[in-house]
Amino acid sequence: MRYRWLLWRTQLGFHGTLLSLLVGGIAALGWLSGWTALYGLALATALLYGGWLYRRWFRLKRALARPFPARWRALLERIPLYAGLGEEERARFETLVLLFLAEHRFEGVDGIEPTDEQRLLVAAGGAALLLGRPYWSLPRTPTILFYPGPFDEQFQVRSRAPLLGQVYGQGPVLLSLPAVESEWFQRDGQNVVLHELAHLLDLDGQEADGVPRHLERTSIGRWRALLAEVRQRVREGRSPLRPYAATHPAECFAVSVEAFFEIPHSLAAAHPEWYAALAAYFNVDPRQWLGSESEPDPIWNM
């Protein structure tokens with residue numbers, strides 16, 4: 001079945017192992033200590049945790065078993081990245097979309113009622129980031145919150161407000177709905193969905209430093225050096241990344257992820273080593289799906 005390996009990743013892979021360790025550990029402690037009450041605790045843990053795990057597994061299985069709606073596929077066809085995928089890659093992308101939708105709640109402020117299409121455009125970001133690493137998962141941020149426009153640090157919507165998105169560790173992902181609805185369809189290296197979801201990969205507790213989770217320890221030193229080099233090139237105006245990438249290592253990583261999935265040829269031309277590091281990390285090379293003819297000048301922020 002197309003979704004079995006994804007269910008293993010999200011359910012049995014982590015929670016099943018944790019449940020086994022908890023129940024086995026409590027039962028072993030009961031046997032060693034002679035405290036029979038611990039056997040009851042082990043049973044209660046198995047019933048409560050196992051029941052929650054089964055309900056979640058069943059909900060995701062039901063969501064992933066549904067046919068992918070034709071109107072959703074028509075919307076995804078307008079996204080250059082999806083349009084360039086092969087048949088097997090499209091099937092994986094769509095499965096990841098369904099999984100993302102099943103695992104997240106979508107809410108709006110100021111009277112916004114999220115539509116299926118708006119939810120889909122956010123889920124497409126999660127699918128893109130995990131396309132080459134389907135056994136990974138994004139950190140648990142169950143709520144996606146839509147704002148009717150850009151907002152400020154006090155979460156007030158204003159036409160000239162500086163924020164199109166914001167993300168918090170263990171909290172909601174905040175997104176400006178107009179940006180979500182427009183940025184997937186123009187290949188300019190700016191995509192608020194990819195940017196904020198990339199921050200999720202980077203968050204460690206409450207902090208982000210530009211070094212994402214799952215990165216091999218032996219690669220961290222070189223990764224930091226590349227980040228510093230890229231930020232300096234951005235400051236000098238010798239990069240296709242927008243100037244915001246120079247403000248912080250975490251922003252450099254997030255802005256780079258936007259460019260990686262939208263203007264890969266320009267990014268690779270300007271920063272070949274950095275592009276290779278990103279391609280190895282995500283286990284994909286978007287250049288095979290996206291042509292170079294629609295990309296801006298590689299040195300467009302001079």
Side-chain angles (χ1 to χ4, degrees), residues 81 125 128-129 150-153 158 160-169 173-176 179 182-184 186-282 284-287 290 292-302:
L81 179 68
L129 295 185
F151 51 92
D152 58 24
E153 290 78 1
R158 296 187 290 107
R160 296 182 180 272
L163 300 177
L164 297 178
Q166 191 74 274
V167 64
Y168 299 93
V173 176
L174 315 182
L175 296 170
S176 169
S182 65
E183 292 186 352
W184 269 116
Q186 46 193 349
R187 289 181 55 195
D188 57 2
Q190 299 189 53
N191 187 306
V192 68
V193 173
L194 289 172
H195 185 102
E196 300 306 331
L197 295 185
H199 278 319
L200 290 181
L201 288 172
D202 189 11
L203 283 170
D204 182 10
Q206 298 294 324
E207 299 295 329
D209 61 359
V211 179
R213 61 180 60 203
H214 305 300
L215 188 67
E216 295 182 3
R217 288 186 176 274
T218 56
S219 302
I220 291 178
R222 182 55 182 159
W223 186 276
R224 292 189 188 279
L226 286 171
L227 274 174
E229 178 184 318
V230 171
R231 292 176 66 203
Q232 182 60 36
R233 295 274 302 277
V234 173
R235 293 189 191 100
E236 296 169 355
R238 298 187 297 119
S239 171
L241 300 178
R242 53 196 171 96
Y244 189 53
T247 61
H248 190 278
E251 300 303 341
C252 186
F253 171 65
V255 173
S256 296
V257 170
E258 297 177 75
F260 180 74
F261 286 102
E262 288 210 345
I263 52 170
H265 296 274
S266 298
L267 183 64
H271 306 290
E273 290 186 80
W274 180 228
Y275 185 89
L278 290 168
Y281 176 73
F282 288 108
V284 294
D285 184 349
R287 291 176 297 182
L290 296 168
S292 61
E293 64 279 356
S294 299
E295 294 188 12
D297 189 299
I299 311 298
W300 59 268
N301 71 5
M302 293 182 61

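Keep in mind it's a predicted model, so treat the numbers as computed, not measured.
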Worksheet entry | H199: side-chain hydrogen bond (donor to acceptor under 3.5 Å, both in side chains) partners, not counting sequence neighbours | H195, E251
Worksheet item: Which is it for L194 and W184 under the side chain to side chain contact (heavy atoms under 4.5 Å, CB included) test, yes or no, and what are the steps along the way?
Response: CA-CA 9 Å; L194 289 172; W184 269 116; 3.9 Å; yes
Worksheet entry | Partners passing salt bridge (Lys or Arg N to Asp or Glu O under 4.0 Å) against E273 (at least two apart in sequence or in another chain) | R222
Discussion item. My understanding is that only residues two or more places apart in sequence, or in another chain, count here; which of them pass ring-ring contact (aromatic ring centres under 6.0 Å, His included) with Y275?
Written reply: F260
Item to complete: To the nearest 0.5 angstrom, please state how far the CG atom of D188 sits from the OG atom of S266.
Response: 11.0 Å
Worksheet item: side-chain hydrogen bond (donor to acceptor under 3.5 Å, both in side chains) with E196: which residues, sequence neighbours excluded?
Response: none
Response to the item:
For D202 and A208, the nearest pair of non-hydrogen atoms, with its separation, is OD2-CB, 3.4 Å
Fill in: Which residues share a side-chain contact (heavy atoms from CB on, under 4.5 Å) with S182, sequence neighbours left out
Q186
Discussion item. Quick check for you: to the nearest 0.5 Å, what is the distance between S219 atom OG and R224 atom CZ?
Written reply: 12.5 Å
Practice prompt. For the pair V234 and Y244, evaluate side chain to side chain contact (heavy atoms under 4.5 Å, CB included) and give the outcome as yes or no after the intermediate values.
Written response: CA-CA 9 Å; V234 173; Y244 189 53; over 6 Å; no
Item to complete: Kindly give the heavy-atom pair with the smallest separation between S176 and P150, and that separation in Å.
Response: OG-N, 3.6 Å
Fill in: Pairwise distance NE2(H248) to CG(D209) - rounded to 0.5 angstrom
7.5 Å
Fill in: Contacts of E262 that satisfy side-chain hydrogen bond (donor to acceptor under 3.5 Å, both in side chains) - sequence neighbours left out
N191
Worksheet, complete the sentence: Applying side-chain contact (heavy atoms from CB on, under 4.5 Å) to L163 and not counting sequence neighbours gives F151, Q166
Discussion item. Quick one, V193 with V173, criterion side chain to side chain contact (heavy atoms under 4.5 Å, CB included). Give me CA distance, side-chain angles, the key distance, then yes/no.
Written reply: CA-CA 9 Å; V193 173; V173 176; over 6 Å; no
Fill in: Minimum heavy-atom distance between L227 and G210, given as atom pair plus value
CD1-O, 3.4 Å
Worksheet item: Going by heavy atoms in the side chains, are R187 and P264 under 4.5 Å from each other?
Response: yes
Item to complete: Kindly say whether A270 contributes a backbone atom to a donor-acceptor pair with the side chain of R233 at under 3.5 angstrom?
Response: yes
Worksheet item: For the atom pair CD1 (I263) and CD (E258), what is the distance rounded to the nearest 0.5 Å?
Response: 9.0 Å
Fill in: Criterion side chain to side chain contact (heavy atoms under 4.5 Å, CB included) on F261 and L290, from CA distance to verdict
CA-CA 9 Å; F261 286 102; L290 296 168; 5.9 Å; no
Fill in: W274: partners by side-chain hydrogen bond (donor to acceptor under 3.5 Å, both in side chains), with sequence neighbours left out
S256
Fill in: Residues forming a side-chain contact (heavy atoms from CB on, under 4.5 Å) with E153, sequence neighbours excluded
P162
Worksheet entry | Qualifying residues under salt bridge (Lys or Arg N to Asp or Glu O under 4.0 Å), relative to R158, sequence neighbours excluded | D152
Response to the item:
When V192, V167, L164 are each screened for side-chain contact (heavy atoms from CB on, under 4.5 Å) with L175, the one that passes is V192
Worksheet entry | Pairwise distance CZ(R217) to CH2(W223) - rounded to 0.5 angstrom | 15.5 Å
Worksheet entry | Straight-line distance of S239 OG to E229 CD, nearest 0.5 Å | 10.5 Å
Discussion item. On a heavy-atom basis, which atom in R231 and which in A246 lie closest, and how many Å separate them?
Written reply: NH2-O, 3.0 Å
Fill in: Minimal non-hydrogen separation, P212 against Y281, with atom names
CB-OH, 3.2 Å
